[in-house]
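Contents: one structure, followed by commentary.
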Amino acid sequence: LNLSDTEPLKAELVRTIRYLHGKGWAPATSSNYSFREPNHKMYWISKSGIDKQSFADADLMLINSFGIPILETDVRPSAETLLHTLIYEDSTVSCILHTHSIYNTVLSRIYKSNKEIIFSDLELIKALPGVTTHSDTFILPIFQNSQNMNELSEDIRLYRNNNPDMKAFLLSGHGLYSWAESISAAKRHIEAIEFLLECNYKEQIYLNHQNI
């Protein structure tokens, strides 16, 4: 294979993974991450079952656009590899990050029947793509979690076809996916959305307390 020099990208993703673990967003070997091999329809994705606190370059594996390992056949990629390959159908996407925070998990259940969380009048939504002012609206869709990745992928694909500007989503009772044109931008999106989710939760707690 004629691959690009991906060592700097691997190192950047590893730093990001350890940072997200340090925030408490990747407990018990959960979460998965990937980046696009430059100029190829191939992707480096986290191997399954790795403790993210000690995650290293060697814990990334190369897959093709069908989620099939290229260089290693005796190691499993993340169980949610098909979600990554679906998102990478958008050629502008270069990195995908997935977190399991308390706030994204709890709120994905609270808003499950709404099928979305709407954020507006918050300064930090300007960290998200397509948002230019705090008065804009950012919609975070919520999908029913499933162990059937083919079925789940089709649900997400259908939504994306009707909402091509989608840049993140929640899986109910599971976690958050977000992506961007670079590792640093994807990290910014994840941080911003996690911040917004925590604000939403704490604001609800405050309002409920005021109504007691």
message: Set out, in order, the CA-CA distance, both residues' side-chain angles and the distance that settles side-chain contact (heavy atoms from CB on, under 4.5 Å) for Y159 and I156, then state yes or no.
response: CA-CA 5 Å; Y159 181 94; I156 296 170; 5.7 Å; no
Stepwise side-chain contact (heavy atoms from CB on, under 4.5 Å) test for L13 and W44: CA-CA 10 Å; L13 185 61; W44 291 94; 5.9 Å; no
task: Applying side-chain contact (heavy atoms from CB on, under 4.5 Å), run through S108 and L171 and close with a yes or a no.
output: CA-CA 7 Å; S108 70; L171 298 179; over 6 Å; no
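For the pair K41 and Y88, the cation-pi criterion (under 6.0 Å, within 45° of the ring axis) is not fulfilled.
Between the side chains of N150 and E154, no donor N or O sits under 3.5 Å from an acceptor N or O. Side chains of Q144 and S172: a donor-acceptor N/O pair is absent below 3.5 angstrom, by distance only. Between the side chains of S113 and Y111, not a single donor N or O lies within less than 3.5 Å of an accepting N or O.
Looking only at distances, no side-chain donor or acceptor of K167 sits under 3.5 Å from a matching main-chain atom of G130. S120 contributes no side-chain N or O that, together with a main-chain N or O of T137, makes up a donor-acceptor pair within less than 3.5 Å. A donor-acceptor pair under 3.5 Å links the side-chain atoms of S101 to the main chain of N104, judged by distance alone. With hydrogens and angles ignored, the 3.5 Å screen pairs no side-chain donor or acceptor of H98 with any backbone N or O of G175. At least one donor-acceptor pair closer than 3.5 Å links the side chain of H189 to the backbone N or O of W179. A distance-only check finds a donor-acceptor pair linking the side chain of S182 to the backbone of A185 [under 3.5 Å]. Using modelled atom types, one side-chain atom of N64 and one backbone atom of G67 make a donor-acceptor pair closer than 3.5 Å. Formation of a donor-acceptor pair under 3.5 Å by the R157 side chain with backbone atoms of L86 is not found in this model.
Using a 4.5 Å heavy-atom cutoff, the side chains of D121 and E123 are not in contact. Proximity of E194 to T99: side-chain heavy atoms (C-beta onward) are separated by under 4.5 Å at one or more points. Inter-residue side-chain proximity for L196 and I117 is flagged as unmet; no heavy-atom pair is nearer than 4.5 Å. Using a 4.5 Å heavy-atom threshold, the side chains of L83 and E80 count as touching. Within the 4.5 Å cutoff, the side chain of S65 has no heavy atoms near those of the M42 side chain.
The list of side-chain hydrogen bond (donor to acceptor under 3.5 Å, both in side chains) pairs with a residue in residues 50-61, not counting sequence neighbours, is empty.
Checked for salt-bridge contact, R160 and E89 meet the test: a charged N lies under 4.0 Å from a carboxylate O.
Other residues, nucleotides and ligands place more than 12 heavy atoms under 6.0 Å from the CD atom of E116.
The side chain to side chain contact (heavy atoms under 4.5 Å, CB included) test with L107 singles out one residue from I102, L176, L197, I142, and that residue is L197.
Note on ring orientation: taking the six-membered ring where Trp is involved, the planes of Y177 and F169 are parallel (angle under 30°, cut-offs 30° and 60°).
Nearest heavy-atom pair across F138 and A168 is CZ-CB, 4.5 Å.
Atom CG of L82 and atom OG of S153 lie 5.0 Å apart (nearest 0.5 Å).
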